[in-house]
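Take a look at the structure below.
We use all heavy atoms of the structure for the numbers below, so side chains are in, but hydrogens, waters and symmetry mates are not. Remember, it's 1-based here, ligands and their atoms both numbered in the order they're listed.
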Amino acid sequence: MPALEVLVVGGGVIGAATAYALARRGRRVLLLEQFTIGHARGSSHGLSRSISSVHSRLHHMRLVAAARQAWRRLEDDSGQRLLIKTGVLDIGHADSPAIQASIAHLGAVDEEVEILGLYELRARFPQLALTDKTIAIYQPEGGILPASRCVATLVEQARRYGAKVAVGVRVSRIKPEGSGVRVDADGTVYWAQRAVIAAGSYSSVLLQHLDVAVDLSTTCEQVAFFSPRHRVLSKLGYLPVVRDYGHHPGDHLLVCYPDLGEGIKVERHGAGIPVADPYEPPPIPDPAENERIAQRLAQTMPGFANQVLYAETCRFTHTPDGDFVIDTHPEYNQILIAIPGSSCGFSVAPIVGEILSDLAMHGTTSYDIAPFRLARLHRIG
Ligand SMILES: Cc1cc2nc3c(=O)[nH]c(=O)nc-3n(C[C@H](O)[C@H](O)[C@H](O)COP(=O)(O)OP(=O)(O)OC[C@H]3O[C@@H](n4cnc5c(N)ncnc54)[C@H](O)[C@@H]3O)c2cc1C
């Protein structure tokens with residue numbers, strides 16, 4: 001039996017949360033990251049991610065609500081403040097399918113949520129452009145997770161509980177051997193009882209050797225920071241995270257964050273460019289996309305932003321149905337796979353880490369992972 005209990009591949013938020021959950025439960029765990037913790041060639045770097053349990057998929061609402069408690073436990077454990085409460089406001093056309101689906105699930109989790117009509121919206125958020133068809137859902141408990149700092153804290157705490165972490169080590173192959181695994185990485189062979197693949201946009205490279213045929217695709221999304229025109233109205237306490245689903249079919253989701261000192265951060269989700277090879281370096285941000293983001297922001301909050309301060313990129317990994325994979329390998333239950341392929345993947349990380357830790361230790365978990373099973377996507381042969 002190998003002395004190493006679990007080897008985690010990937011030092012993004014999911015791998016870090018898994019290593020933390022396992023180490024905290026006293027397991028001997030090794031985390032291998034091919035670049036550095038916090039690097040910019042994956043999905044978990046940057047200033048912020050939003051957290052809100054308002055979601056069009058009921059199982060995500062439940063997962064985010066549980067994750068909020070898990071982030072609080074990490075805060076207590078680490079002494080770091082990680083959840084920045086700003087409120088999260090979802091707005092869009094009253095007929096928007098995403099908004100309608102979210103409204104249908106309200107009440108399913110025990111968290112305060114308000115549906116705001118035009119009068120209240122105008123009074124509370126004068127920044128917003130509204131039409132008589134605008135509808136909004138506001139979650140006061142929603143907010144921001146400082147992304148890179150969260151990952152660093154998870155890694156730091158995993159180490160504190162005894163996890164080993166090695167960076168600059170690329171895993172080339174994971175092979176089931178008896179009831180354990182053999183992991184080849186940069187000329188070194190590791191043996192472990194279990195392996196967790198938390199490789200984000202690089203997952204396919206490892207899964208192809210394990211006969212897991214899932215159509216994953218990756219896009220590189222652009223994020224732009226703007227100097228605020230209204231200094232006060234863009235600050236924490238005045239501006240919540242705004243997620244605008246738009247008023248027209250085909251509108252990309254626009255996500256706008258309050259100014260935390262680096263300007264107003266704005267993203268157009270799903271507008272990214274395809275990434276054919278995960279090892280190709282990230283592209284230089286495109287000024288034309290900054291312009292498109294600015295135009296869309298002007299529709300949501302007219303005259304709110306000045307010029308672009310800077311832009312950066314980040315990767316989305318897409319599963320065919322846009323939902324996560326959190327499961328054991330269909331044949332080898334000593335290999336676990338996690339791909340949080342949707343836009344709330346960061347916020348649920350500490351719960352995903354606990355689920356993977358349960359699966360690695362006991363082969364089962366009390367969380368309902370039926371919606372995340374690989375079988376729904378996996379093609380045999
Ligand atoms: C623009 C944008 C906005 C987003 N907004 C939100 C939001 O508001 N709220 C939210 O909850 N989520 C959001 N997300 C999604 C969220 O950030 C991701 O779902 C999450 O960060 C994915 O984490 P991960 O650990 O799976 O992947 P990654 O962060 O990519 O981590 C995978 C790691 O594995 C390493 N790795 C891969 N292969 C190997 C190998 N062979 N050997 C060693 N190491 C390896 C990689 O180098 C990488 O560090 C957003 C994403 C983007 C791009």
| Under 4.0 Å from any heavy atom of Phe35, which atoms of ligand 1 are there? | 47 (O)
| said: Is Val169 close enough to touch ligand 1? Criterion: a residue heavy atom under 4.0 Å from a ligand atom. | reply: yes
| task | Provide the number and element of each atom of ligand 1 under 4.0 Å from a heavy atom of His39. | result | 46 (C), 47 (O), 48 (C), 49 (O)
| query | Heavy atoms, side chains only, cut-off 4.5 Å: are His318 and Thr218 in contact? | reply | no
| said: Using a 3.5 Å cut-off on N or O atoms only, is Ala338 in polar contact with ligand 1? | reply: no
| task | Out of Cys344, Cys314, Gly11, Ser204, indicate the one that has the non-hydrogen atom closest to atom 52 (C) of ligand 1. | result | Cys314
| request: Consider every N or O of Ser50 and every N or O of ligand 1, then say whether any pair is closer than 3.5 Å. | output: yes
| said: List ligand 1 atoms under 4.0 Å from Tyr257, heavy atoms only on the residue side. | reply: 8 (O)
| message | Please classify the Ala198 to ligand 1 contact at 4.0 Å (heavy-atom distances, strictly less than): side chain, backbone, both or neither. | response | backbone
| request: Please work out which of Phe346, Phe324, Phe316 has its closest non-hydrogen atom nearest to atom 51 (C) of ligand 1. | output: Phe316
| query | Is it the side chain, the backbone, both or neither of Val9 that has a heavy atom closer than 4.0 Å to ligand 1? | reply | side chain
| message | Val171 versus ligand 1: do any nitrogen or oxygen atoms come within less than 3.5 Å of each other? | response | yes
| Salt bridge or not for Lys265 and Asp259, using N-O below 4.0 Å? | no
| query | Can you list the ligand 1 atoms lying under 4.0 Å from a non-hydrogen atom of Leu32? | reply | 43 (C), 44 (N)
| Side-chain ion pair, Asp186 and Arg170, N-O less than 4.0 Å | no
| query | Considering distance alone, does some N or O of Ser44 sit under 3.5 Å from an N or O of ligand 1? | reply | yes
| field | Pairwise side-chain contact, Leu74 with Pro350, heavy-atom cut-off 4.5 Å (strictly under) | value | no
| query | Of the listed options (Pro340, Gly15, Ser347), which comes nearest to atom 19 (O) of ligand 1 when hydrogens are ignored and any heavy atom counts? | reply | Pro340
| task | Could you list the atoms of ligand 1 found under 4.0 angstrom from a heavy atom of Glu267? | result | 3 (C)
| Hey, are the side chains of Thr153 and Leu82 touching, using non-hydrogen atoms and a 4.5 Å cut-off? | yes
| In terms of side-chain geometry, is the basic nitrogen of Arg124 or Glu114 positioned less than 4.0 Å from the acidic oxygen of its partner? | yes
| request: Heavy-atom contacts with Gly12 under 4.0 Å: which atoms of ligand 1 show up? List them by number with element. | output: 25 (O), 29 (O), 31 (O), 33 (C), 49 (O)
| said: Between the side chains of Arg24 and Asp77, is the shortest nitrogen-to-carboxylate-oxygen separation below 4.0 Å, so that they form an ion pair? | reply: yes
| query | Just going by heavy-atom distances, which of Ser52, Ala16, Ser43 is nearest to atom 18 (C) of ligand 1? | reply | Ser43
| query | Does the side chain of Ile115 come within less than 4.5 Å of Ile103's, by heavy atoms? | reply | yes
| said: The test is salt bridge (charged side-chain N to carboxylate O under 4.0 Å, His left out); show your working for Arg122 and Glu120 and say whether it passes. | reply: CA-CA 5 Å; Arg122 237 174 232 128; Glu120 269 181 299; over 6 Å; no
| remark: Heavy-atom proximity to atom 17 (O) of ligand 1, picking from Glu33, His269, His60, Arg49, points to Arg49
| remark: Any heavy atom of Ile51 under 4.0 Å from ligand 1? The part involved is neither
| ligand 1 atoms in contact with Gly42 (distance to a heavy atom under 4.0 Å) | 30 (O)
| task | Dump the intermediate steps for ring-ring contact (aromatic ring centres under 6.0 Å, His included) on Tyr238 and His230, then the final yes or no. | result | CA-CA 11 Å; Tyr238 292 90; His230 296 284; over 10 Å; no
| query | Can you list the residues that meet the salt bridge (Lys or Arg N to Asp or Glu O under 4.0 Å) rule with Glu177, with sequence neighbours excluded? | reply | Lys175
| query | Under 4.0 Å from any heavy atom of Gly345, which atoms of ligand 1 are there? | reply | 10 (C), 11 (O), 12 (N), 19 (O)
| Which residue pairs pass the salt bridge (Lys or Arg N to Asp or Glu O under 4.0 Å) test with at least one member in residues 33-50, sequence neighbours excluded? | none
| task | State plainly whether the residues Arg373 and Asp368 are in salt-bridge range, i.e. N to O under 4.0 Å. | result | no
